[in-house]
J.: 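My questions all concern the structure below.
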There are 2 protein chains.
Amino acid sequence: MTAGKRYASSTDVARLAGVSQSAVSRTFTPGGSVSAETRRKVMAAADALGFRPSIIPQIMLTNRSGLVAVIVGGLRNAFYGAVLERFATRLRDAGHQVLLVPVESDYTLDTVLEELRSYRVDAIVSGLAVLSQEVADALSAFRIPIVSCNTSVTSDWVASVDSDNRGAGRAAADWLHRCGGTRFAFLAGPEESPASRDRLDGFRAGLAALGLEPPRVINGDYTYDSGQAAVSRLFADGPADAMFCANDLVALGAMDRIRNGLGLRIPEDVMVIGYDDIPSAAWESYRLSTFDQDPEGLVVQALDLVREMSEQGPARGRVRVVEARFIPRGSTRQPMA
Amino acid sequence: MTAGKRYASSTDVARLAGVSQSAVSRTFTPGGSVSAETRRKVMAAADALGFRPSIIPQIMLTNRSGLVAVIVGGLRNAFYGAVLERFATRLRDAGHQVLLVPVESDYTLDTVLEELRSYRVDAIVSGLAVLSQEVADALSAFRIPIVSCNTSVTSDWVASVDSDNRGAGRAAADWLHRCGGTRFAFLAGPEESPASRDRLDGFRAGLAALGLEPPRVINGDYTYDSGQAAVSRLFADGPADAMFCANDLVALGAMDRIRNGLGLRIPEDVMVIGYDDIPSAAWESYRLSTFDQDPEGLVVQALDLVREMSEQGPARGRVRVVEARFIPRGSTRQPMA
DNA sequence: TTGAAAGCGTTACCAG
DNA sequence: CTGGTAACGCTTTCAA
């Protein structure tokens, strides 16, 4: 138990100012009743001592730490950076502190959760791409409000915010068909990723509704490299001219391989659609058609769920869906009239 | 003062288990002396109540919160994402919690600091691109170990970790010259950014040492868009064939504008060098020659400084420099023998 | 307006 | 090994 340096306490300030400790506390409490004279003496002493009230005892008294944990799994993807930044900003505006928790595996998650519990975090927001129902149920046992982004699992204390993955999948199918696509493919994320699965489900449903063949599917891991590899594997098995990708990074890797590796043109020979609308998607070298996941809406809904759960306690099936907006750019052709 | 839900306390567990509160505390203390029987009873009661020891009272006793604040200003740049992730992981491995603090302006910083003080954070790591000496001195007054990345300012309680910006600038000048560059330009970050200034200083020094003309300089703000705009302004004023950019994002924007806007070839007509080695720099569409800022080294040095400051207290001029490694790729020609 | 005192949940110390 | 008690720094209540 290494000890840190002792901070000036309200008692120290009181002694120096020649007033009671209560007076100091009141001085620093908005609306506290203190005479101008007392306040002056207290402030002078506080300045001299560099005093700032600690929030720690308050936490003990109120059982509210003001801490909200945000769990992320890999910040390589710029989309998570954007979402994380929004979470952090909004949480702070709402008077919370943000505990950043990077997690690599479910194993790490267990360890980490115990720590979060001992810090008495008020809520947990999870941006984990992969979260199983089992883990969600285990989490629920802690009776702490948890919001899971883009995983669809819920439990008593676990709510979920989803992008409209299925709807986007259908829209992608529609669009690619209207633009003249005939041989469809889906470059997936990890098999366990609910978001990737839902996007694929929607894509399949959309193609089926149009009476078209189901897409060929290549699995990957949401990275640029996996997009490149997926294209190689895909074309080794036969050509495709309309692909929907589980996210933008995969799509960008795919585009580069299609153009530089296969020597095909985009969108003339192959059309590509991504997901997320990360900044690079708009860059001139790519002009990737993609879905704006509305990170702002995602964050707003997530925080609203946190609030709702804190106030109302446990309940099953809390799910919010955020619309995804299609942004047509140069990686798809114009739809035919 | 909204109250949260009450957690089970060690007293609750003690009552249920029919032992003293001390016994419960010992059971949860590694190496605490408790009989097997007592431990069994305690664990049973703890499980039933969902008890987990709070760390909050410990913080009061030890004056160590275990919290380290990481201040970031804009996660749009993938480089910061990579660095942040490393900080978070390593800090957690070292037994700390990471408080993520997004800051937009010096004004926000003031507010934020008061909050961090009341949370009794053990240390602050700042990744702010812009940090003035004045702010550093003000920070120092809090007597909390602060490490500032890539800003070179220091103070009693403020240490700094820098990439070897000057050295890299010189290396860039050398390389571009050896590859046949004759008209040099520097696409800068914000004027107040010490990192950008140092890179420029080095670049200038390198060119001067070779007896070459000083580079033309266009200011920007570290974004892709500013890279595009900078190229337009630069060429409106006359051509350039060798540019060094304050960071990769700027360089990528510049490349796109050079190729698509001006119709020039890279590296045949114009050579470009960036800084950071973000993932997109390696993408096939760019193959950007750049400097690897060694984020791992940056983080390691920063955390070592945190440790040193915690142990030894204030001292002036604590600076660590991390080597930047040049990575030649396709955006520069081959050096002439 | 003021000061005294209780209480929050834990660990460390001490006597048994 | 066990249980009682002090201490941490704050806010809140209560009397003065």
Side-chain angles (χ1 to χ4, degrees), chain A residues 1-43 45-46 49-66 114-115 117-121, chain B residues 1-43 45-46 49-66 114-115 117-121:
Chain A
M1 201 69 40
T2 34
K5 72 167 182 300
R6 200 179 155 284
Y7 287 81
S9 72
S10 55
T11 312
D12 298 329
V13 175
R15 194 177 314 125
L16 182 60
V19 299
S20 73
Q21 182 269 328
S22 318
V24 177
S25 175
R26 278 192 296 261
T27 304
F28 281 90
T29 304
S33 62
V34 260
S35 66
E37 172 62 4
T38 303
R39 157 162 274 122
R40 194 191 54 72
K41 284 191 291 190
V42 168
M43 292 311 274
L49 264 30
F51 168 77
R52 174 116 245 271
S54 167
I55 206 173
I56 308 298
Q58 265 191 63
I59 298 178
M60 284 183 42
L61 269 346
T62 60
N63 291 306
R64 290 196 71 258
S65 64
E114 291 301 293
E115 288 175 21
R117 285 225 289 158
S118 66
Y119 270 89
R120 301 299 192 237
V121 297
Chain B
M1 203 67 39
T2 34
K5 70 165 183 301
R6 200 179 157 285
Y7 287 80
S9 71
S10 55
T11 313
D12 299 329
V13 175
R15 194 177 316 127
L16 182 59
V19 300
S20 73
Q21 182 270 329
S22 314
V24 177
S25 176
R26 277 192 296 263
T27 304
F28 282 89
T29 303
S33 60
V34 260
S35 65
E37 172 62 3
T38 304
R39 158 162 273 122
R40 195 190 54 70
K41 286 192 291 187
V42 169
M43 291 312 273
L49 263 30
F51 169 77
R52 173 115 247 270
S54 168
I55 205 172
I56 308 299
Q58 263 191 64
I59 299 178
M60 285 184 41
L61 268 348
T62 60
N63 290 307
R64 290 195 73 256
S65 63
E114 291 302 295
E115 289 175 21
R117 285 226 288 158
S118 66
Y119 271 89
R120 299 299 191 240
V121 297

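Quick note on labels: first sequence line is chain A, next is B, and so on, each numbered from 1. If you're wondering where the values come from, they're calculated on a predicted model, not measured in any experiment.
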J.: Whole angstroms only, please: what is the CZ-P distance between A:Phe28 and D:dT12?
T.: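 The answer, rounded to whole Å, is 15 Å.
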J.: Please report, rounded to the nearest Å, how far the C1' atom of C:dT11 is from the CZ atom of B:Arg64.
T.: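 Going from CZ in B:Arg64 over to C1' in C:dT11 covers 16 Å.
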J.: Taking CZ from A:Arg40 and P from C:dT2, how many angstroms apart are they, rounded to a whole number?
T.: 12 Å
J.: Five pairs at each end of the helix from C:dT1-D:dA16 to C:dG16-D:dC1: take the axis at both ends and give me the angle between them to 10°.
T.: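 Its terminal axes enclose an angle near 40°.
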J.: Touch check for A:Phe51, heavy atoms < 4.0 angstrom, all strands: base, sugar-phosphate only, or nothing?
T.: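 Sugar-phosphate: the residue A:Phe51, judged by heavy atoms under 4.0 Å, touches backbone atoms but no base.
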J.: Examine distances only and state if a side-chain atom of A:Arg52 and a backbone atom of B:Glu114 form a donor-acceptor pair shorter than 3.5 Å.
T.: yes
J.: Excluding sequence neighbours, so at least two apart, what forms side-chain hydrogen bond (donor to acceptor under 3.5 Å, both in side chains) with A:Ser25?
T.: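 Per chain and number, A:Ser25 pairs via side-chain hydrogen bond (donor to acceptor under 3.5 Å, both in side chains) with no residue.
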J.: Report the residues that fulfil side chain to side chain contact (heavy atoms under 4.5 Å, CB included) with A:Thr11, sequence neighbours left out, ordered by chain and then residue number.
T.: A:Ser9, A:Arg15, A:Gln21
J.: Has A:Thr29 got a side-chain atom pairing as donor or acceptor with A:Gly32's backbone, closer than 3.5 angstrom?
T.: no
J.: Does A:Ser65 use its side chain to pair, donor to acceptor, with the backbone of A:Arg120 at less than 3.5 Å?
T.: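 Confirmed, A:Ser65 side chain pairs with A:Arg120 backbone.
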J.: Quickly work out the A:Arg15 CZ to C:dG3 P distance and round it to whole Å.
T.: 15 Å
J.: Give the minimum heavy-atom separation between A:Ala23 and A:Val34, together with the two atoms involved.
T.: O-CG1, 3.9 Å
J.: What string of B, S and - do you get for nucleotides 1-7 of chain D, 5' to 3', if B is base contact, S is sugar-phosphate-only contact and - is no contact with any protein heavy atom under 4.0 Å?
T.: SBBBB-B
J.: Could you tell me the separation between the CD1 atom of B:Ile56 and the P atom of D:dC10, rounded to a whole number of Å?
T.: 15 Å
J.: Report yes if at least one side-chain N or O of B:Ser25 is closer than 4.0 Å to OP1 or OP2 of C:dT10; otherwise report no.
T.: no
J.: Roughly, in whole Å, what's the span from CZ in B:Arg117 to P in D:dG9?
T.: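 Answer to the nearest Å: 15 Å.
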J.: Less than 4.0 angstrom between a side-chain N/O of A:Ser10 and OP1 or OP2 of D:dC10, yes or no?
T.: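 True: A:Ser10 side-chain N/O within range (under 4.0 Å) of D:dC10 OP1/OP2.
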J.: With sequence neighbours left out, what residues match A:Tyr7 under ring pair (Phe, Tyr, Trp, His ring centres under 6.0 Å)?
T.: none
J.: Between B:Asp12 and B:Arg6, is there a side-chain heavy-atom distance shorter than 4.5 Å?
T.: yes
J.: Does a side-chain N or O of A:Gln58 approach OP1 or OP2 of D:dC10 to a distance below 4.0 Å, or not?
T.: no
J.: Please give, in whole Å, the distance from C:dG7 P to A:Met60 CE?
T.: 13 Å
J.: Who are the side chain to side chain contact (heavy atoms under 4.5 Å, CB included) partners of A:Leu61, not counting sequence neighbours?
T.: none
J.: Between D:dG9 atom P and B:Arg120 atom CZ, what is the distance in whole Å?
T.: 9 Å
